[in-house]
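All heavy atoms count here, side chains included; hydrogens, waters and symmetry mates do not. Below, chain A is the first sequence line, B the second, and so on; all start at residue 1.
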Number of protein chains: 2
Amino acid sequence: MTQLDIPGTTEHSPRLGRKRDHTRDPEILAAALEVLAETGYDGMTIDMVAARAKAGKATLYRRWPSKGELIIDAVACMKQSGNDYSRLPDTGSLRGDLVAMIKPLSIKDSEKKLQILAGLMSMLSHDPGLADAANAALLEPKVAANRVLMQRAIERGEISAGCDIDLLSLITPSMVAYRVLILRKPVDSAFLLSLIDGVLMPAVGLGPPTNGKTD
Amino acid sequence: MTQLDIPGTTEHSPRLGRKRDHTRDPEILAAALEVLAETGYDGMTIDMVAARAKAGKATLYRRWPSKGELIIDAVACMKQSGNDYSRLPDTGSLRGDLVAMIKPLSIKDSEKKLQILAGLMSMLSHDPGLADAANAALLEPKVAANRVLMQRAIERGEISAGCDIDLLSLITPSMVAYRVLILRKPVDSAFLLSLIDGVLMPAVGLGPPTNGKTD
DNA sequence: CATATACGATACTCTTTAGTTTCGGATCTT
DNA sequence: AAGATCCGAAACTAAAGAGTATCGTATATG
């Protein structure tokens, strides 16, 4: 599904025969993420991942020493995949930028990431390293994007420099997570728009777009 | 720890001998919740729960047909315990009420509930009933409290009736959940106050308490 | 006090799954 | 083409844990 690029050194050099085929690692990691999202860490088995990737179970163990390491690798590799926040919207207004971030593809991506997060939620308490990796790969990209947008708005003087953008940039991700994981309701434009207009814009001091009167 | 009250019918009546001792059910359910919070659903074993409750494993199976049913019961029983939101703060102002909700005990309670939630997060996708039960027992009480406070503020004319209180009442719970489960940072008054003053109050149209000037 | 029954402890069965080993076939190197 | 090695498939091992059965003890009922 995702085309990843692993630094993939060719191990130590054998005189003859084949080299270890690292070209399929991305497929295996993608399969692991799929199964993880569907069944959770404990529900998932190595056989499921191998079957999904059409690889032998032994092949997986030739590359990763354990199930846990495989998952850590799989989560970590999500960080660089599909996060093309390099070109963020730049409409000239904060609201325009935030609205421009609402895209079906982005929503689907978020929902998949949240399913993965749910799958390893119970391990996060016991493995701080995994928790950091999961945050960095699954949530932080979106948070960072929001932060950049707000920072730009500060720099162009649109909003006050006193805004707690570290806090505000967490609102959408955490509300989306709540809605998907707990309420199990779909994330649609209406919901995201009500977050933008009902929460974020007022919080940065930009009044509501339609109703400027208090009474 | 928690003193629960189970309707506890005495099964069918035996002629002689003891009746089934349902007085210890609450202790067992409390033990189950503790182990669940500590190790997650899959990590927890019936033996752990039995040991924690100083009960025999067979005793647990005499009362609950399976591990899953035990957990469902344990989560469900949380709903009525420790949720004395019957007497909510009533300071006369929304901000006063929200600030009055900040109490160390309440924070500890939330954190424990969130650990329980994390423990069964991966099952919520596969068991909608459990998801509803978990939400009703672990998150919804806090959400409902916020909603009541805001509804009162609307009724007394403090804030606009157009406020989306169903949305706004989710903000604190979801942000706290994010902070505890993902960021694994402590929830303190400073954080909650910045939510109130930096997000909620602006969103309901009540300006910041110190700085009323826009420029 | 006698008896039936529920209790806690513990041994047991059976299923699942992580991780290993084996093997025939495919493929790269020389 | 020959040889070495990696591949996928599948059999295998070992450990963990859900659920059951047994047993001696405690206790409520009568």
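The distance between atom CE of B/Met48 and atom P of D/dA16, rounded to the nearest whole Å, is 11 Å. Between the CZ atom of B/Arg52 and the P atom of C/dA9 there is a distance of 15 Å, given to the nearest Å. In this structure, CG of A/Asp47 is placed 7 Å from P of C/dA18, rounded to the nearest angstrom. Distance NZ (B/Lys54) to P (C/dA6): 24 Å, rounded to an integer number of Å. Protein atom CD1 of A/Ile46 is 12 Å distant from nucleotide atom P of C/dT17, rounded to whole Å. In this structure, the OH atom of B/Tyr41 is 13 Å from the P atom of D/dG17, given to the nearest Å. At whole-Å resolution of the value, CG in B/Leu60 and P in D/dG17 are 16 Å apart. The distance from atom OH of B/Tyr61 to atom P of C/dT10 is 18 Å, rounded to the nearest whole Å.
Residue contacts shown for A/Met44 are limited to sugar-phosphate atoms, with no base heavy atom under 4.0 Å away. Within 4.0 Å of A/Ala50, counting heavy atoms only, lies no atom of the nucleic acid at all. Contacts of B/Lys57 with the nucleic acid, taken as non-hydrogen atoms under 4.0 Å apart, include base atoms.
The side chain of A/Arg63 contributes no N or O atom lying less than 4.0 Å from OP1 or OP2 of D/dC6. Phosphate contact (OP1/OP2 of C/dT21, side-chain N/O of A/Arg62, threshold under 4.0 Å): absent. For A/Arg24, a side-chain nitrogen or oxygen approaches OP1 or OP2 of D/dG8 to under 4.0 Å.
A donor atom on one side chain and an acceptor atom on the other are found under 3.5 Å apart for A/Ser106 and A/Lys142.
Each of B/Val143, B/Leu138, B/Leu117, B/Leu170 was evaluated against A/Ile182; a single residue qualifies, B/Leu117, per the side-chain contact (heavy atoms from CB on, under 4.5 Å) test.
In this structure the side chain of B/Glu34 never reaches within 4.5 angstrom of the side chain of B/Met48, judged on heavy atoms.
Atom CG of A/Leu120 sits about 9.5 Å away from atom CD1 of A/Ile72, to the nearest 0.5 Å.
The side chain of A/Thr59 lies closest to D/dG8, out of D/dG8, C/dA18, D/dG17.
Nearest heavy-atom pair across B/Ser66 and B/Tyr61 is CA-CE2, 4.3 Å.
Both B/Ala53 and A/Gly68 sit near DNA chain C, but only B/Ala53 has its closest nucleotide nearer the 5' end.
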